[in-house]
Amino acid sequence: MRQGMIHIYCGDGKGKTTAATGLAVRAAGSGMKVLFARFLKNENSAELCVLDQIPGIEVIHLPKSYGFYNTQSEEEKAETKQMYEELWKYALDRAKNGACDMLVMDEFMAADRYGLIPHEEAIQFLKEKPEGLEVVLTGRDPSEDLIRIADYVSEIRKVKHPFDCGVYARRGIEY
């Protein structure tokens, strides 16, 4: 059995999800089973069109997109929390039961920071994850706990970005 490792793609630069998506494609191309869970993302990201067609990759699709967490009403925040707790439980169950060789949790750091998933449970899972399971986490500002546990930590730093000049996300590039 091969040793599974924990990867973190973090930072304020563009490319965290892109890096995780590329790793998922590489894993599937090598015959690995990939479970791709997404937190705080909408369902119209273009990479989903391709990931859904790749044998060996299961993307968990959510029934609703909520937009930016910090702009939600209290009712929406409660609904978001419930949905992501269910997503967390589903992904954990699949990973623990051997349904995947790689678990990608996109925007995990934000879900963790906002309390949408149970932090201590997440840390415990990562410490005790199945031996061969590869785990990929993305997002800004990982906690020190996460950095300590991870085997790879890659920081993607923004030097310049068109958003700073008023250019919003473009289809096929940022989403």
For [X], which residues count as a side-chain contact (heavy atoms from CB on, under 4.5 Å) partner, sequence neighbours excluded?
X: Q53; answer: none
X: T71; answer: F68
X: A110; answer: L40, E107, R113, Y114
X: E174; answer: K14, H161, A169, R170

State, with a plain yes or no, whether a side-chain heavy atom of [X] is found less than 4.5 Å away from one of [Y].
X: Y9; Y: V136; result: yes
X: L48; Y: H61; result: yes
X: M102; Y: L35; result: no
X: I8; Y: M109; result: yes
X: L103; Y: L133; result: yes
X: V153; Y: C10; result: yes

About how many Å separate [atom2] of [Y] and [atom1] of [X], when rounded to the nearest 0.5 Å?
X: E86; Y: I117; atom1: CD; atom2: CD1; value: 14.5 Å
X: E134; Y: C100; atom1: CD; atom2: SG; value: 11.0 Å
X: I57; Y: L51; atom1: CD1; atom2: CG; value: 5.0 Å
X: D141; Y: L146; atom1: CG; atom2: CG; value: 11.5 Å

Listing, residues 22-33 side-chain donor-acceptor contacts under 3.5 Å, not counting sequence neighbours, or none:
{"from": "S30", "atom 1": "OG", "to": "R26", "atom 2": "O", "distance (Å)": "3.2"}
{"from": "K33", "atom 1": "NZ", "to": "G98", "atom 2": "O", "distance (Å)": "3.4"}

Q.
Quick test of your reading: applying ring-ring contact (aromatic ring centres under 6.0 Å, His included), list the pairs with at least one residue in residues 24-52, sequence neighbours left out, ordered by first then second residue.
A.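 Qualifying pairs, neighbours excluded: F39-Y84.
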[X] side chain to [Y] main-chain N or O, any donor-acceptor pair under 3.5 Å?
X: T138; Y: K16; result: no
X: R38; Y: D106; result: no
X: K129; Y: G4; result: yes
X: E131; Y: Q3; result: no

Is there a path of hydrophobic side-chain contacts, each under 4.5 Å between heavy atoms of I, L, V, M, F, W or Y residues, that connects [X] with [Y]?
X: L92; Y: F108; result: yes
X: V104; Y: V50; result: yes
X: I60; Y: M83; result: yes
X: Y90; Y: L137; result: yes

Run the salt-bridge test on [X] and [Y] with the 4.0 Å N-O cut-off and return the result as yes or no.
X: K158; Y: D164; result: yes
X: D12; Y: R157; result: no
X: E85; Y: K81; result: yes

Q. Sequence neighbours excluded, which residues qualify as ring pair (Phe, Tyr, Trp, His ring centres under 6.0 Å) partners of Y168?
A.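 Result, ring pair (Phe, Tyr, Trp, His ring centres under 6.0 Å) vs Y168: F163.
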Q: With sequence neighbours left out, write down each residue that passes ring pair (Phe, Tyr, Trp, His ring centres under 6.0 Å) with Y152, or none if nothing qualifies.
A: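 Applying ring pair (Phe, Tyr, Trp, His ring centres under 6.0 Å) to Y152 gives H7.
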If you look only at distance, which donor and acceptor atoms sit under 3.5 Å apart when one is on a side chain in residues 119-127 and the other is two or more places apart or in another chain?
{"from": "H119", "atom 1": "ND1", "to": "D112", "atom 2": "OD1", "distance (Å)": "2.8"}
{"from": "H119", "atom 1": "ND1", "to": "D112", "atom 2": "OD2", "distance (Å)": "3.1"}
{"from": "H119", "atom 1": "NE2", "to": "D145", "atom 2": "OD2", "distance (Å)": "3.2"}
{"from": "E121", "atom 1": "OE2", "to": "W88", "atom 2": "NE1", "distance (Å)": "3.0"}
{"from": "Q124", "atom 1": "NE2", "to": "E128", "atom 2": "OE2", "distance (Å)": "2.3"}

Q: Decide side-chain hydrogen bond (donor to acceptor under 3.5 Å, both in side chains) for E47 and T17; before the verdict, give the C-alpha distance in whole Å, the side-chain angles of both, and the deciding distance to 0.1 Å.
A: CA-CA 9 Å; E47 69 269 14; T17 297; 5.5 Å; no
Q.
Evaluate M105 against V135 for side chain to side chain contact (heavy atoms under 4.5 Å, CB included), listing each step before the verdict.
A. CA-CA 8 Å; M105 291 187 279; V135 178; 4.1 Å; yes
**Q.** salt bridge (charged side-chain N to carboxylate O under 4.0 Å, His left out) contacts touching residues 51-69 (sequence neighbours left out)
**A.** E58-R94, K64-E79
Q: Show which residues join V159 in its hydrophobic cluster (side-chain heavy-atom contacts under 4.5 Å, direct or indirect), or state none.
A: none
Q: Using the test side-chain hydrogen bond (donor to acceptor under 3.5 Å, both in side chains), find all partners of N42 that sit at least two apart in sequence or belong to another chain.
A: N44
